[in-house]
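Just so we're clear, the structure is a prediction, and the values are computed from it rather than from any experiment.
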Amino acid sequence: MAGAAIFDVDGTLTDTNHLHVVAWWEAFRQAGHTVPMPDIHRAVGLGSGDLIERLLGADRDPGQDEAISSAHTVLYGTYFDRIPAFRRAGDLLRTLAGRDWQVVLATSASGAELAALRRAVGADEVIRATASSDDVDRGKPSAEPVELACRLAGVTPERAVFVGDTVWDMEAATRAGVGAVALLSGGIPRADLERAGADAVYRDVTDLLDHLDDSPFGPGPG
C-alpha cells in the first residue's frame, strides 16, 4: 500500500470557497455586522467557531455565534443541489486509489453538506473514510483532523500526504507531520501557502493529476 492520500474538500475538490464567502457575509449582515468579503475569504477553511472569532474578535458578543453559524448553514444549503466539483477531481481520487493510495477526506463539513460535496465529486467508491468536524474536537489548523485521517487509513504520518487549498490546511499538515500539497484553486496566494508549510503547489486538481509522477504522490515511498 502506497500510503494515505488525504484531501480537504472545499476549494480543493469542489469550487465552493466563494459560495461560503457569500453565505458568511450574509449571515454576518443579518446579525448586524459588516465584514469585508476578502477577510471572510482568508478565514474560509476554519471551523465555524474559529472563523467567527477571527472575524469578529474575542471581545464580540458570543451569544450571537450560534445564530450566525446557523444562518450560514441555511444560506449555504441553498447551493447543495448544484455544488460544482473541480474538473477531474473524481479522476484524481480514482487514479490515486488505483495506485494503492488510501483516499481519506479531512474536512470541516459534515452531515448534509458533506453528503452534497461527496455527490459533487462523484468518487465515493474510492473514498475509504472521512474525518469530519463531527469526529474531532478541534478543526484545522489543528493537526487533529489530519491525524485522525491517518488513523482511519491505518498509516503513520510519514506515509501520508495532505492536499488542501488554505493556509489552515498547510499548517494542519505540518503539525501532523505529513506531506503538504497546496492547490491554488481556493484563491489563496502561492507565497502564503508556501509560508504555511506547503511542500509543493499546483494550480488545481487537473494540474496535480497531470504531474502526479513528479509530485509527492509519485513513485517511491509514500
Verify same cluster id: [X], [Y] (apolar side-chain graph, 4.5 Å):
X    : Y    : result
V21  : I52  : yes
F7   : W168 : no
L208 : I127 : yes
V104 : L96  : no
V181 : V9   : yes

Plane angle bin for [Y] and [X] - parallel if under 30°, tilted between 30 and 60°, otherwise perpendicular:
X    : Y    : value
F28  : H33  : perpendicular
W101 : F217 : perpendicular
F80  : Y76  : perpendicular

Taking only Lys NZ, Arg NE, NH1 and NH2, and the carboxylate oxygens of Asp or Glu, determine whether [X] and [Y] approach each other closer than 4.0 Å.
X    : Y    : value
R88  : D204 : no
R175 : E147 : no
D8   : K140 : yes
R203 : D210 : no

Working for side chain to side chain contact (heavy atoms under 4.5 Å, CB included), residues L184 and L193: CA-CA 9 Å; L184 299 174; L193 296 166; 3.8 Å; yes
Closest non-hydrogen atom pair, [X] against [Y]:
X    : Y    : answer
A143 : A176 : CB-N, 3.7 Å
A23  : H72  : CB-CD2, 3.6 Å
T16  : P84  : CG2-CD, 4.4 Å
R42  : D39  : NH2-OD1, 2.6 Å
S142 : A172 : O-CB, 3.3 Å
V178 : A160 : CB-O, 3.5 Å

Stepwise side chain to side chain contact (heavy atoms under 4.5 Å, CB included) check, L152 with R128: CA-CA 8 Å; L152 291 170; R128 173 169 176 170; over 6 Å; no
Roughly how far apart are [X] [atom1] and [Y] [atom2], rounded to 0.5 Å?
X    : Y    : atom1 : atom2 : result
W25  : Q30  : CH2   : CD    : 9.5 Å
L93  : L105 : CG    : CG    : 7.0 Å
I83  : L13  : CD1   : CG    : 12.0 Å
R54  : L46  : CZ    : CG    : 6.5 Å
D65  : E53  : CG    : CD    : 8.0 Å
T166 : D192 : OG1   : CG    : 11.0 Å

Heavy atoms from other residues, nucleotides or ligands near CD of E66 exceed 12 (cutoff 6.0 Å): no
Look only at the side chain of [X] and the backbone of [Y], and say whether a donor-acceptor pair between them is shorter than 3.5 Å.
X    : Y    : value
H41  : I188 : no
D199 : A180 : yes
D135 : A131 : no
Q64  : A31  : yes
T107 : S132 : no
T73  : S69  : yes

Criterion side chain to side chain contact (heavy atoms under 4.5 Å, CB included) on L92 and L212, from CA distance to verdict: CA-CA 9 Å; L92 174 60; L212 206 56; 4.1 Å; yes
Close side-chain approach of T156 and C150, heavy atoms under 4.5 Å: no
Side-chain touch R94/E125, heavy atoms, less than 4.5 angstrom: yes
Test log, rule side chain to side chain contact (heavy atoms under 4.5 Å, CB included), inputs F162 and D169: CA-CA 8 Å; F162 180 48; D169 293 328; 3.6 Å; yes
Which side-chain N or O atoms in residues 109-121 pair as donor and acceptor under 3.5 Å with protein atoms at least two apart or in another chain?
{"from": "R118", "atom 1": "NE", "to": "D124", "atom 2": "OD1", "distance (Å)": "2.8"}
{"from": "R118", "atom 1": "NH1", "to": "T130", "atom 2": "OG1", "distance (Å)": "2.9"}
{"from": "R118", "atom 1": "NH2", "to": "D124", "atom 2": "OD1", "distance (Å)": "3.2"}

